[in-house]
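Fair warning: this is a prediction, and the values are worked out from it, not measured in the lab. Note: hydrogens, waters and symmetry copies are ignored here, and every other heavy atom, side chains too, is used.
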Amino acid sequence: MSQRCDVFINYRGVDTRRSIAGLLYDHFTRIGLRPFLDSANMKPGDKLFGEIEESIRSCKVGIAVFSPRYCQSYFCLHELALMVENKKKIIPIFVDVRPSELRVEFNRNCPEKEMERFNWALGEAKYTVGLTFDSINGDWSELLRKASTAVIDNLVAGEAVEMPGN
């Protein structure tokens with residue numbers, strides 16, 4: 001079973017795995033936090049949904065990295081819904097997309113109840129104050145600084161973790 005984590009990173013791999021998601025994971029690890037990123041924390045043989053759901057339940061804060069193709073992923077929306085249902089503090093990061101552009105598209109392979117659940121969770125998250133980032137013109141180090149400050153502020157406010165050096 002996975003270790004408890006401080007920060008769960010929810011992202012669309014095809015858009016952000018090799019950029020912001022990986023950078024956030026590395027940055028949080030370097031500053032002494034315990035982030036969860038599926039591609040970094042999971043190994044062959046792990047139960048996909050079991051590990052992810054346990055990590056969401058154990059995390060203190062969630063980061064939802066919204067990107068242009070985020071809403072096309074059942075897994076992204078499922079993880080987001082789990083974070084909202086578990087009343088996790090979510091810090092949205094809008095990468096190359098505006099909140100108003102995010103919407104769950106009808107998918108006949110997905111039950112209507114799931115679509116409603118995903119729409120509700122997306123509404124909860126996209127109307128939360130977050131960070132915006134333009135991957136072409138943005139300052140990556142500034143984004144990492146702002147994201148880590150937001151996470152640490154939320155962890156400290158919830159007295160969720162003892163920071164290194166304290």
Side-chain angles (χ1 to χ4, degrees), residues 1-25 27-28 33-42 46-133 135 143-144 146-148 150-155 157-158 160:
M1 208 37 138
S2 65
Q3 298 178 11
R4 295 180 65 79
C5 68
D6 298 313
V7 186
F8 183 90
I9 303 170
N10 165 253
Y11 67 103
R12 178 72 197 261
V14 70
D15 288 340
T16 60
R17 175 179 288 118
R18 293 194 175 132
S19 59
I20 189 61
L23 289 170
L24 286 168
Y25 177 85
H27 182 71
F28 292 149
L33 296 177
R34 294 170 302 178
F36 180 89
L37 182 72
D38 59 0
S39 61
N41 293 87
M42 296 183 69
D46 285 347
K47 298 286 186 198
L48 185 64
F49 282 114
E51 289 289 315
I52 288 173
E53 289 177 16
E54 177 59 32
S55 295
I56 289 171
R57 278 193 288 280
S58 76
C59 79
K60 313 293 192 266
V61 176
I63 288 194
V65 180
F66 293 112
S67 57
R69 293 179 280 188
Y70 178 95
C71 290
Q72 294 171 5
S73 169
Y74 174 89
F75 294 105
C76 288
L77 295 167
H78 176 69
E79 291 172 5
L80 180 65
L82 284 172
M83 288 192 291
V84 172
E85 291 161 356
N86 283 277
K87 298 181 179 5
K88 299 299 177 180
K89 180 69 104 172
I90 298 172
I91 300 167
I93 300 177
F94 302 98
V95 177
D96 300 328
V97 67
R98 290 190 299 274
S100 62
E101 296 172 320
L102 295 170
R103 62 184 47 86
V104 178
E105 301 294 330
F106 173 74
N107 178 345
R108 83 180 118 183
N109 296 326
C110 187
E112 186 176 337
K113 204 75 166 151
E114 282 287 90
M115 296 293 287
E116 290 172 12
R117 179 175 170 250
F118 294 163
N119 272 308
W120 170 73
L122 184 62
E124 290 290 313
K126 77 180 189 179
Y127 295 116
T128 299
V129 175
L131 304 171
T132 57
F133 187 70
S135 65
L143 175 64
L144 292 175
K146 286 180 176 181
S148 59
V151 167
I152 291 169
D153 287 351
N154 279 283
L155 290 172

**Student:** Looking only at non-hydrogen atoms, find the nearest pair between Ala125 and Pro92 and report the distance.
**Tutor:**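 Answer, listing the atom of Ala125 first, then Pro92: O-CG, 3.4 Å.
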
**Student:** Between Val95 and Ser135, what is the shortest heavy-atom contact and its length?
**Tutor:**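 Of all heavy-atom pairs spanning Val95 and Ser135, the closest is CG1-CB, 4.5 Å.
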
**Student:** Passes side chain to side chain contact (heavy atoms under 4.5 Å, CB included), Lys88 versus Phe8? Steps please.
**Tutor:** CA-CA 10 Å; Lys88 299 299 177 180; Phe8 183 90; over 6 Å; no

**Student:** Indicate the ring-plane relationship of Tyr74 and His78, choosing parallel, tilted or perpendicular according to the 30° and 60° boundaries.
**Tutor:**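 Judged by the thresholds at 30° and 60°, the geometry between Tyr74 and His78 is parallel.
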
**Student:** In Å, rounded to the nearest 0.5 Å, how long is the span from CZ of Arg57 to CD of Glu85?
**Tutor:**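 Between Arg57 CZ and Glu85 CD, I get 11.0 Å after rounding to 0.5 Å.
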
**Student:** Could you list all the salt bridge (Lys or Arg N to Asp or Glu O under 4.0 Å) pairs where at least one residue sits in residues 63-75, not counting sequence neighbours?
**Tutor:**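 Listed by first then second residue: Asp15-Arg69.
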
**Student:** Between Ala121 and Ala81, what is the shortest heavy-atom contact and its length?
**Tutor:**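 The pair with the smallest heavy-atom distance is CB-CA, 3.5 Å.
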
**Student:** Identify the residue among Asp6, Ile63, Leu144, Ile152 that makes a side-chain contact (heavy atoms from CB on, under 4.5 Å) with Phe28.
**Tutor:**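 Testing each of Asp6, Ile63, Leu144, Ile152 against Phe28, the sole residue satisfying side-chain contact (heavy atoms from CB on, under 4.5 Å) is Ile63.
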
**Student:** At what distance, to the nearest 0.5 angstrom, does CG of Leu24 lie from OH of Tyr11?
**Tutor:**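 Reported value, rounded in 0.5 Å steps: 11.0 Å.
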
**Student:** Partners of Phe133 by ring pair (Phe, Tyr, Trp, His ring centres under 6.0 Å), sequence neighbours excluded?
**Tutor:**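 Partners of Phe133 under the ring pair (Phe, Tyr, Trp, His ring centres under 6.0 Å) test: Trp140.
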
**Student:** May I ask you to decide if Pro111's main-chain N or O and Glu114's side chain share a donor-acceptor pair within less than 3.5 Å?
**Tutor:**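 No, Glu114 side chain to Pro111 backbone: no donor-acceptor pair under 3.5 Å.
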
**Student:** How close do Arg103 and Cys71 get, counting heavy atoms only, and between which atoms?
**Tutor:**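 Looking at all heavy atoms of both residues, the closest pair is O-CB, 3.3 Å.
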
**Student:** Can you give me the closest heavy-atom contact between Phe66 and Leu122, atom names plus distance?
**Tutor:**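 Phe66 and Leu122 have their closest heavy atoms at CE2-CD1, 3.7 Å.
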
**Student:** List the atom of Pro35, the atom of Ile9, and the distance in Å for their closest heavy-atom pair.
**Tutor:**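 Shortest heavy-atom contact: CB-CD1, 4.3 Å.
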
**Student:** So how far is it from Ser55 OG to Leu82 CG, rounded to the nearest 0.5 Å?
**Tutor:**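 It is 11.0 Å, given to the nearest 0.5 Å.
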
**Student:** Nearest 0.5 Å, please: how far is CG in Asp96 from OG1 in Thr132?
**Tutor:**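 CG of Asp96 is found 10.5 Å from OG1 of Thr132.
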
**Student:** Say you draw a straight line from CG of Leu33 to NE2 of His27; how long is it, rounded to the nearest 0.5 Å?
**Tutor:**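 Taking CG in Leu33 and NE2 in His27, the distance rounds to 8.5 Å.
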
**Student:** Can you tell me how far apart CG (Asn10) and CD1 (Ile91) are? Round to the nearest 0.5 Å.
**Tutor:**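 That separation rounds to 12.5 Å.
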
**Student:** If the test is side-chain contact (heavy atoms from CB on, under 4.5 Å), which one of Asn154, Val61, Leu80 qualifies with Ile90?
**Tutor:**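 Going through Asn154, Val61, Leu80 one by one, the side-chain contact (heavy atoms from CB on, under 4.5 Å) with Ile90 is satisfied by Leu80 alone.
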
**Student:** Quick one, Leu77 with Tyr70, criterion side chain to side chain contact (heavy atoms under 4.5 Å, CB included). Give me CA distance, side-chain angles, the key distance, then yes/no.
**Tutor:** CA-CA 8 Å; Leu77 295 167; Tyr70 178 95; 4.0 Å; yes

